[in-house]
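Below is one structure, written out as structure tokens, with a few remarks after it.
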Amino acid sequence: MKALVIYDSTYGNTEKIARAIAAGLSARALRSGEVKPEDMQGLDFLVVGSPTHGGRATPELQKVLNDIPSDSLKNVKITAFDTRISGKDKGFGVRLITKAFGYAAGRIAKTLEEKGGTIVAEPQGFIVDKNEGPLKAGEIERATAWGKELLTK
Ligand SMILES: Cc1cc2nc3c(=O)[nH]c(=O)nc-3n(C[C@H](O)[C@H](O)[C@H](O)COP(=O)(O)O)c2cc1C
């Protein structure tokens, strides 16, 4: 099975999660700027993740999504993830944005689905304590376990 994890990361937390998912799924992990067209050829499973910025993926990650040709994910299993700040740690501004716009993972999954992919697992959010991290305790282990679970889909 050819599986790929594509991610973006500003402060490194999403990268850690992406690498943990990739380890569980026996996949490669590529940062958004590193993805070449041939990496997308013959894929069976594509997992895409981003830090949540204003309820969305980063512009770099969104560019990768936009560049995926229509219908090219037919027969590709897909899901998505993001990193985000947990409700109780959010400042007032981020709380308002979340209420209005939600999180990145669901949007990423929807775009992958629009490109022909089949969602096989609920998109996941992994929690950071603050903008720069660190990740909440146990999130890296949860990411590896989720990657392993994806192998069974
Ligand atoms: C410009 C900016 C916008 C953000 N907007 C949100 C948001 O809407 N919701 C949220 O939960 N966290 C938000 N955050 C916190 C990020 O989710 C957090 O920085 C990210 O998960 C860390 O991942 P990284 O280390 O891979 O960059 C924002 C952070 C930045 C820098």
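Note that ligands are numbered from 1 as they come in the structure, with each ligand's atoms numbered from 1 the same way. From a predicted model like this one, the values you see are computed outputs, not experimental measurements.
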Subject >> Sequence neighbours excluded - side-chain hydrogen bond (donor to acceptor under 3.5 Å, both in side chains) pairs with any residue from residues 144-153 >> reply: none
Original post:
Does E34 come within less than 4.0 Å of R31, counting only side-chain N to carboxylate O?
Top reply: no
**OP:** Might you work through the side chain to side chain donor-acceptor pair (under 3.5 Å) test for D8 and T58, ending with a clear yes or no?
**Re:** CA-CA 7 Å; D8 194 20; T58 63; 2.5 Å; yes
Original post:
Between M40 and L4, what is the shortest heavy-atom contact and its length?
Top reply: SD-CD2, 4.2 Å
Original post:
What heavy-atom pair brings N13 and S9 nearest, and what distance separates the two atoms?
Top reply: N-OG, 3.5 Å
Subject >> No-hydrogen, no-angle side-chain donor-acceptor test under 3.5 Å, Q62 and R107 >> reply: no
Subject >> Neighbour list for ligand 1 [protein residues, heavy atom under 4.0 Å] >> reply: S9, T10, Y11, G12, N13, T14, P51, T52, H53, G54, G55, T83, R84, I85, K90, V94, I97, T98, Y103, V128, N131
